[in-house]
Amino acid sequence: MDSAEFHAAVYHVVRQIPNQRVTSYGHVAKLIGMPSYSRHVGQALKFLSPDVAPPVPWQRVISSAGTISSRGPGTDGAQRQRDVLEAEGVEVQVGRTGEFRVDFGTWGWFPDPGTVDIGLAPPEDGADDA
DNA sequence: AACGTGACTGCGC
DNA sequence: CGCGCAGCCACGT
């Protein structure tokens, strides 16, 4: 799978995250069959434009620790993400160090790989494409 | 080609 | 739970 397909798969999966549920970059990577590409899931979401259709609920993807990635000091990305999540009814708590946290026990969405449509042919081991 | 970077993870303390 | 460290992979310099 090339970069474009990877991005497409990521968006396809993220669009299936139910309302008021969140998952992690790493889990999205697992769902599309590339468990070591968690960082690239973040990259794919970064490339999103706000006017894509149908919309990609990027706000429902956070870190495996259940925290909203800060994107670096001086940026407001994490703050905006929290606002959108709370707007759809997800409870976001603020930790001592100011980081935003979502309780996976309540809001987490972690379906098994294979039970979610990734919009592409599943990765094949050594086999040539059909 | 080497080096640094990033919307990441898992593990140990 | 918070922090630091090593492993991870594609990309820009």
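Sequence lines set the chain letters: A, B, ... in the order given, protein chains first and strands last, and positions in each chain run from 1.
Within the 4.0 angstrom heavy-atom criterion, only backbone atoms of the sugar-phosphate kind lie near Ser69(A); the bases stay farther away. Nucleic acid contact class of Gly77(A) (heavy atoms, under 4.0 Å, all strands): none. Note on Tyr37(A): only backbone sugar-phosphate atoms sit closer than 4.0 angstrom, heavy atoms only; bases stay farther off. Using a 4.0 Å heavy-atom criterion, one finds that Glu99(A) contacts the sugar-phosphate atoms exclusively. Contacts of Ser24(A) with the nucleic acid, taken as non-hydrogen atoms under 4.0 Å apart, involve only primed sugar atoms and P, OP1 or OP2.
Note: NE2 (His7(A)) to P (dC9(C)) measures 17 Å, nearest angstrom. Summarising the geometry, the separation between CD on Gln93(A) and P on dG2(C) is reported as 10 Å, rounded to the nearest angstrom. Protein atom CD1 of Ile68(A) is 14 Å distant from nucleotide atom P of dG2(C), rounded to whole Å. Following rounding to the nearest Å, His40(A) (NE2) and dG12(C) (C1') show an atom-to-atom distance of 14 Å. Distance CZ (Arg101(A)) to C1' (dG2(C)): 9 Å, rounded to an integer number of Å. In this entry the distance linking CD of Gln43(A) with P of dG12(C) reads 9 Å, nearest Å.
Results of the side-chain contact (heavy atoms from CB on, under 4.5 Å) test with Ser63(A) over Ser69(A), Ser70(A), Ser38(A) single out Ser69(A) as the only residue that passes.
Gln16(A) places a side-chain N or O within 3.5 Å of a backbone atom of Asp117(A) that can act as its donor or acceptor partner. Judged by distance alone, with hydrogens and angles left aside, the side-chain atoms of His27(A) form a donor-acceptor pair with the main-chain N or O of Pro111(A) at under 3.5 Å.
Put simply, Thr97(A) has no side-chain N or O that comes within less than 4.0 Å of OP1 or OP2 on dG2(C).
In this structure, Trp58(A) and Lys30(A) both approach DNA chain B, and ranking their closest nucleotides by distance from the 5' end singles out Trp58(A).
Note on ring orientation: taking the six-membered ring where Trp is involved, the planes of Phe6(A) and His40(A) are perpendicular (angle over 60°, cut-offs 30° and 60°).
Two residues are said to be in side-chain contact when any heavy atoms from C-beta on lie closer than 4.5 Å; Phe47(A) and Val52(A) fail this criterion.
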- Message: Apply ring pair (Phe, Tyr, Trp, His ring centres under 6.0 Å) to residues Phe104(A) and Phe110(A) and explain how you reach the verdict.
- Response: CA-CA 9 Å; Phe104(A) 278 146; Phe110(A) 297 93; 5.0 Å; yes

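Note on Trp109(A) and Phe100(A): separate hydrophobic clusters, where clusters join Ile, Leu, Val, Met, Phe, Trp and Tyr whose side-chain heavy atoms are under 4.5 Å apart, directly or indirectly.
Counting 5' to 3', DNA chain B first comes under 4.0 angstrom of a heavy atom of chain A and last does so at the ends given by dG6(B) to dG10(B).
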